[in-house]
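Just so it is clear: chains get the letters A, B, ... in the order the sequence lines come, proteins before strands, and each one is counted from 1.
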Number of protein chains: 2
Amino acid sequence: MTKARVTVIDIAKAAGVSKSTVSLVLQGSSLVNEGTRSKVNAVMRELGYVYNRGAANLRQAGAKSRIVGVVVNDLTNSFFAELAVGVDMVVQSAGFVQFLSNTGESIDRQREVVASMREHGISGLIVSPARATDAADFKPLVAAGIPVVVVVRNLPGAKVSSIVSDNRAGMVSAVRHLAGLGHKRIAFLGGFPDTAVFDDRLAGYRSGVEAAGLDFHEELVISSAPSRAGGVEAIGKAIALGRRPTAAVCFNDAVAFGVCDGLRARRLEPGADFAVVGFDDVIEAQAAVPALTTVSVDPQGIGRRGAQMLLKQINAGKAEAEAVTTAVRLVVRESCGAGKTASARAGKSVKSKQDAE
Amino acid sequence: MTKARVTVIDIAKAAGVSKSTVSLVLQGSSLVNEGTRSKVNAVMRELGYVYNRGAANLRQAGAKSRIVGVVVNDLTNSFFAELAVGVDMVVQSAGFVQFLSNTGESIDRQREVVASMREHGISGLIVSPARATDAADFKPLVAAGIPVVVVVRNLPGAKVSSIVSDNRAGMVSAVRHLAGLGHKRIAFLGGFPDTAVFDDRLAGYRSGVEAAGLDFHEELVISSAPSRAGGVEAIGKAIALGRRPTAAVCFNDAVAFGVCDGLRARRLEPGADFAVVGFDDVIEAQAAVPALTTVSVDPQGIGRRGAQMLLKQINAGKAEAEAVTTAVRLVVRESCGAGKTASARAGKSVKSKQDAE
DNA sequence: ACAATTATTTGGAACGTTCCAATTCTGTCA
DNA sequence: TGACAGAATTGGAACGTTCCAAATAATTGT
């Protein structure tokens with residue numbers, strides 16, 4: 001129960017050196033004699049000294065606080081939780097620590113947390129922006145020389161780095177797979193049309209359809225909330241169609257699960273009676289029955305990659321914005337009807353390959 | 001692209017007042033004249049001032065940095081992700097910000113992140129300790145007057161607050177439910193025996209069994225890793241038993257899912273041929289087929305509650321440790337064989353009630 | 001109009017660190 | 001031995017805020 005906090009001056013006094021020397025030791029400078037260094041270290045341990053990073057980066061103005069901010073729009077979604085874990089891994093082993101906040105798609109909340117993070121002097125920010133985020137919102141940050149990396153959702157006008165998955169290519173391969181299984185009418189289900197991610201995935205769907213020599217039908221594109229409930233709704237409309245589709249690619253896995261629910265409610269078995277393909281490859285995808293065929297995007301990898309990019313920019317002082325899109329791959333399981341029969345070894349993922357049943 | 005950071009002094013100069021006055025405004029003091037206040041605020045907005053919290057809490061020594069540290073052992077597990085979201089909610093709306101780190105059950109990592117958080121001057125810590133955490137590890141923190149709240153896993157010897165779910169009662173009600181369905185041989189599957197949580201749940205199982213007038217058989221307790229794979233393993237051993245059980249309560253949901261896998265591999269249908277009950281109620285529980293009957297612990301609620309407790313202690317200066325255990329409730333779905341037949345409306349949770357089929 | 005209050009405002013002096021310039025200590029070499 | 005280079009150390013002065021005591025301005029009562 002020591003009263004006052006032990007400071008660098010206390011250490012200096014106890015070790016019989018000056019505070020400057022202690023500071024030097026703290027920074028691992030090579031200027032200090034080996035003997036003094038170990039003595040100082042010993043005293044620090046003995047007195048239970050804890051470094052005061054706040055004071056430090058008050059002095060080294062504007063420099064490195066070793067804090068990175070991480071803002072995600074929905075931590076409840078395991079996709080983002082994985083992403084955060086990825087970020088944490090590289091950030092942590094670089095000696096940084098992460099401020100993590102959840103916006104729950106609230107743009108106000110987002111503004112608040114970003115402001116708060118700024119006050120705390122973050123040296124960089126990784127953000128998966130809430131829907132309808134204004135690109136200008138991050139202007140002040142970059143103007144202040146704080147690197148920003150946008151992940152998962154692109155932010156059209158902003159001059160910041162971004163890293164998004166290859167939504168287009170993912171959908172193309174999903175459609176190609178279904179077409180290879182003989183499907184002629186393939187629907188695109190779910191998602192809000194006002195987002196960049198939706199546009200990309202839809203574009204991929206369209207070019208996949210055309211590449212397969214099929215016709216693109218407007219009516220087969222049915223948008224809905226990107227949720228399980230949305231999926232139920234979308235498949236309902238799809239089935240009500242005059243010429244109903246026999247397969248669907250879904251905006252994301254949540255929608256795909258909803259589609260499966262909707263199918264079963266109509267006594268149709270996903271996989272056998274109707275092919276379903278998701279997008280994201282959330283952890284539940286391989287656990288579900290039938291296991292979901294889906295486009296895997298490796299959120300943790302995105303997190304790691306984004307963190308690396310950010311750290312690079314932090315260290316470089318000021319790097320210019322770069323935009324990378326990460327590869328995705330189709331993981332064929334059961335819900336598309338192509339997988340081997342359900343076995344206890346569910347979850348064994350198979351590289352995209354058109355092994356028709 | 002302003003060069004230097006704008007400080008309280010710049011504001012003072014521009015507004016024609018002293019820095020002290022600006023500081024007063026910043027803290028919302030009632031001492032300052034309404035006119036000056038609004039003028040200062042205007043100037044701040046105009047110059048794009050950002051508060052430097054680091055400098056501030058350097059001065060108000062040891063006081064409030066408005067940062068709380070959150071350390072979880074496995075963020076990938078949606079249980080903990082939800083918990084983090086719960087914490088974030090209350091912490092955020094109290095004007096705090098959270099440092100979140102993931103230990104991945106590594107005790108070294110845990111030590112590192114806690115140290116790092118301390119250097120950053122957190123004003124409190126919420127931690128779900130990694131397995132085999134030494135109670136003494138948090139001694140320095142509390143000695144320094146930093147409140148610590150342990151969640152989910154108890155830390156026997158430590159003089160810190162804790163909030164854990166009522167593991168015992170949960171298991172009692174699970175067993176009671178199964179017994180009410182007519183099961184006579186109920187197994188306890190999964191989990192590592194060296195943890196406090198395991199002990200509690202096992203104790204609950206035992207007293208549930210005895211309360212139902214059944215005999216406790218050592219052989220029906222089969223431990224394993226608390227994972228899906230562990231569940232597969234455990235059910236394998238259970239089935240190999242001379243007199244095999246007809247139902248099982250599982251250490252957690254992951255184990256329960258593994259048990260279902262293992263049953264299906266042996267052509268047994270969970271729910272119909274063998275009753276399975278989990279623990280935790282992770283989000284996948286209601287999505288799975290069959291939907292998992294499980295003990296719901298509301299991780300988000302624990303997060304909220306823990307955060308409130310922590311904030312209370314932070315504000316109180318120094319509150320003594322309190323230990324709370326939160327109520328749990330059995331959610332009856334399909335995997336125990338008691339649920340209504342699987343419908344599209346899966347996920348409708350039912351309050352524990354012995355509605356035998 | 002004057003003292004007595006009360007309402008505002010204000011210069012330093014901290015807080016714990018890092019940086020700079022300057023100092024003291026070693027040897028070493030002529 | 002004295003000069004000199006290099007190694008090791010050191011005393012302030014910052015950094016941007018808050019706090020304190022004290023000063024100034026505005027208001028009141030008489």
Side-chain angles (χ1 to χ4, degrees), chain A residues 2-41 43-44 47-67 118-121 123 144, chain B residues 2-41 43-44 47-67 118-123 144-145:
Chain A
T2 40
K3 219 172 194 86
R5 162 197 263 302
V6 25
T7 126
V8 93
I9 299 198
D10 300 323
I11 303 295
K13 215 164 294 175
V17 295
S18 78
K19 56 185 160 47
S20 306
T21 305
V22 177
S23 175
L24 256 6
V25 170
L26 243 21
Q27 321 179 236
S29 165
S30 62
L31 290 183
V32 40
N33 184 327
E34 189 46 55
T36 10
R37 179 201 311 292
S38 53
K39 170 166 215 164
V40 169
N41 279 321
V43 174
M44 288 200 300
L47 298 196
Y49 169 74
V50 333
Y51 185 67
N52 185 334
R53 227 169 258 276
N57 59 259
L58 174 55
R59 189 55 176 83
Q60 24 190 204
K64 305 297 123 75
S65 65
R66 315 215 72 126
I67 303 178
R118 239 194 119 182
E119 294 185 352
H120 281 285
S123 30
Chain B
T2 39
K3 223 177 189 80
R5 168 196 255 303
V6 25
T7 126
V8 93
I9 299 198
D10 301 321
I11 304 296
K13 214 165 295 176
V17 297
S18 77
K19 57 186 159 53
S20 305
T21 306
V22 178
S23 174
L24 256 6
V25 172
L26 245 20
Q27 321 176 237
S29 163
S30 62
L31 290 183
V32 41
N33 185 332
E34 189 48 51
T36 9
R37 180 202 309 291
S38 52
K39 167 164 218 165
V40 169
N41 278 322
V43 175
M44 288 201 299
L47 299 196
Y49 170 73
V50 333
Y51 186 66
N52 185 335
R53 227 169 258 277
N57 57 258
L58 174 57
R59 189 55 177 81
Q60 21 189 209
K64 305 296 123 77
S65 65
R66 314 213 72 123
I67 302 178
R118 241 194 116 182
E119 294 185 352
H120 282 284
I122 55 173
S123 31

Rounded interatomic separation in angstrom, taking [atom1] from [X] and [atom2] from [N]:
| X | N | atom1 | atom2 | value |
| --- | --- | --- | --- | --- |
| A/Leu26 | C/dC19 | CG | P | 11 Å |
| B/Leu58 | C/dA14 | CG | C1' | 9 Å |
| A/Arg5 | C/dC15 | CZ | P | 12 Å |
| A/Asn57 | D/dG16 | CG | P | 12 Å |
| A/Asn52 | D/dG16 | CG | P | 16 Å |
| A/Ile11 | C/dT17 | CD1 | C1' | 13 Å |
| B/Lys13 | C/dG11 | NZ | C1' | 14 Å |
| B/Asp10 | D/dC15 | CG | P | 11 Å |

Practice task
Drop me the distance from B/Asn57's CG to A/Leu58's CG, to the nearest 0.5 angstrom.
Solution key: 10.0 Å
Exercise for the section: Check whether any side-chain N or O of A/Arg53 sits under 3.5 Å from a backbone N or O of B/Gly121 as a donor-acceptor pair, and report yes or no. Expected result: no
Exercise for the section: Please check if the side chain of A/Arg37 supplies one atom and the backbone of A/Ser29 the other of a donor-acceptor pair under 3.5 Å. Expected result: yes
Problem - Closest to the A/Gln27 side chain, choosing from C/dT18, C/dG16, C/dT17 - result: C/dT18
Problem - Under 4.0 Å protein heavy-atom contact, by nucleotide of nucleotides 6-13 of chain D - B base, S sugar-phosphate only - result: --SSBBBB
Looking at every heavy atom in both [X] and [Y], which two are closest together, and how far apart are they?
| X | Y | answer |
| --- | --- | --- |
| A/Ala15 | A/Val43 | CB-CG2, 3.8 Å |
| A/Val8 | A/Tyr49 | N-CE1, 3.8 Å |
| A/Ile67 | A/His120 | CD1-O, 4.0 Å |

Practice task
Look at the side-chain N and O atoms of A/Ser23 and state whether any lies under 4.0 Å from the OP1 or OP2 oxygen of C/dT17.
Solution key: no
Practice task
Please state whether the phosphate of C/dA14, meaning OP1 or OP2, lies under 4.0 angstrom from any side-chain nitrogen or oxygen of B/Gln60.
Solution key: no
Practice task
Check the side chains of B/Ser23 and B/Ser20 for a donor-acceptor pair under 3.5 angstrom, ignoring hydrogens and angles.
Solution key: no
